[in-house]
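Have a look at the structure below before the remarks.
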Amino acid sequence: AQTVTQSQPEMSVQEAETVTLSCTYDTSESDYYLFWYKQPPSRQMILVIRQEAYKQQNATENRFSVNFQKAAKSFSLKISDSQLGDAAMYFCAYRVWGNAGNMLTFGGGTRLMVKP
Amino acid sequence: DAGVIQSPRHEVTEMGQEVTLRCKPISGHDYLFWYRQTMMRGLELLIYFNNNVPIDDSGMPEDRFSAKMPNASFSTLKIQPSEPRDSAVYFCASSLAGVETQYFGPGTRLLVL
């Protein structure tokens, strides 16, 4: 079974600074997807970024980028120029390639606090 | 373009009552998922549908839970009878084959007293 581990229950960052959230996963599959979702206090689950395992290039979305290390099964999220609105729970998630119905396996989440 | 719509957003009920949660997926999406989020267990998949057909309901906790998808634009998750341990946030998500990303609704926060 696949597992996703987020070892940092809480992180804090100063506004305008950079923070990195860690995620590791365990799988025997070679093709899969990885995602970061953001959950603000409103509880909405918002997709931040996704990475296909076959791609060597790290995904980037504006201030959000990932460091994907396939051999190490590591998928960290870097937030640059942190903003107050970035404060939220962040969930790392994994999905096997191919079948769009395959379930997402989520990590336990990291609560990010942004200090003004 | 509307995202996934869920109703109600909040539900407070008493133990033993029937609860029905509703979801409208993104138009054109052919997969629909029901997740439950609790502090103890995090996010768990309950059931998912493909083209309105339930494919995997192994995550449904027990017979008190049932889900239906009568058409491509509507699904329900029913709990009967409800219990306090069912208190959680229930999310509906949808995706399109070939696109792979699941888009989540705003969730329904259920409190069973």
Side-chain angles (χ1 to χ4, degrees), chain A residues 1-10 21 23-26 29 31-55 59 61 64 66 75 88-111, chain B residues 2-6 8-11 23 25-26 28-60 69 88-111:
Chain A
Q2 294 85 14
T3 58
V4 179
T5 302
Q6 294 178 247
S7 59
Q8 307 151 316
E10 283 192 359
L21 308 183
C23 173
T24 58
Y25 56 94
D26 186 25
E29 303 287 340
D31 294 321
Y32 47 86
Y33 300 92
L34 295 163
F35 305 85
W36 278 98
Y37 281 88
K38 170 185 177 181
Q39 187 177 43
S42 67
R43 293 281 188 169
Q44 176 89 41
M45 292 288 286
I46 302 165
L47 177 69
V48 175
I49 199 165
R50 80 174 207 179
Q51 174 85 40
E52 290 87 346
Y54 70 87
K55 290 185 177 178
E61 287 287 342
F64 299 87
V66 298
F75 182 61
M89 284 288 290
Y90 286 82
F91 292 94
C92 178
Y94 161 99
R95 228 203 75 203
V96 173
W97 178 275
N99 182 349
N102 283 332
M103 60 178 283
L104 280 170
T105 301
F106 286 89
T110 296
R111 181 177 303 280
Chain B
V4 176
I5 298 172
Q6 291 186 248
R9 294 294 305 277
H10 303 273
E11 178 81 26
C23 174
I26 293 172
H29 281 194
D30 48 3
Y31 285 86
L32 184 139
F33 307 81
W34 282 101
Y35 288 88
R36 179 172 67 175
Q37 184 180 34
T38 61
M39 288 294 293
M40 291 295 294
R41 300 175 67 90
L43 277 152
E44 305 173 279
L45 178 68
L46 299 177
I47 185 172
Y48 81 88
F49 296 82
N50 177 218
N51 291 323
N52 313 338
V53 177
I55 302 301
D56 185 352
D57 65 354
S58 59
M60 296 284 263
M69 192 164 185
V89 180
Y90 291 81
F91 288 100
C92 177
S94 70
S95 69
L96 179 63
V99 177
E100 312 304 349
T101 299
Q102 293 180 20
Y103 295 92
F104 284 74
T108 295
R109 187 181 300 223
L110 174 65
L111 178 62

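Both backbone and side-chain heavy atoms feed into the values below; hydrogens, waters and symmetry mates do not. Just so it is clear: chains get the letters A, B, ... in the order the sequence lines come, proteins before strands, and each one is counted from 1. Everything numeric here is computed off the predicted structure, so don't read it as measured data.
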What distance separates B:Q6 CD from A:Q44 CD, expressed to the nearest 0.5 Å?
8.5 Å
The reported gap from CZ in A:R43 to CZ in B:R9 (rounded to nearest 0.5 angstrom) is 11.5 Å
When B:P106, B:G42, B:A93 are compared by non-hydrogen pairs under 4.5 Å with chain A, the top option
B:P106
Sort B:R41 into side chain, backbone, both or neither according to what part of it lies under 4.5 angstrom from a heavy atom of chain A.
neither
Chain B contact via A:E52 - which portion, at a heavy-atom distance below 4.5 Å
neither
Do A:L104 and B:Y35 have side chains that approach each other closer than 4.5 Å (heavy atoms only, starting at C-beta)?
yes
Between B:Q37 and chain A, which part of the residue has a heavy atom less than 4.5 Å away: side chain, backbone, both or neither?
side chain
In the structure I gave you, are the side-chain heavy atoms of A:Y37 and B:L43 within less than 4.5 Å of one another anywhere?
no
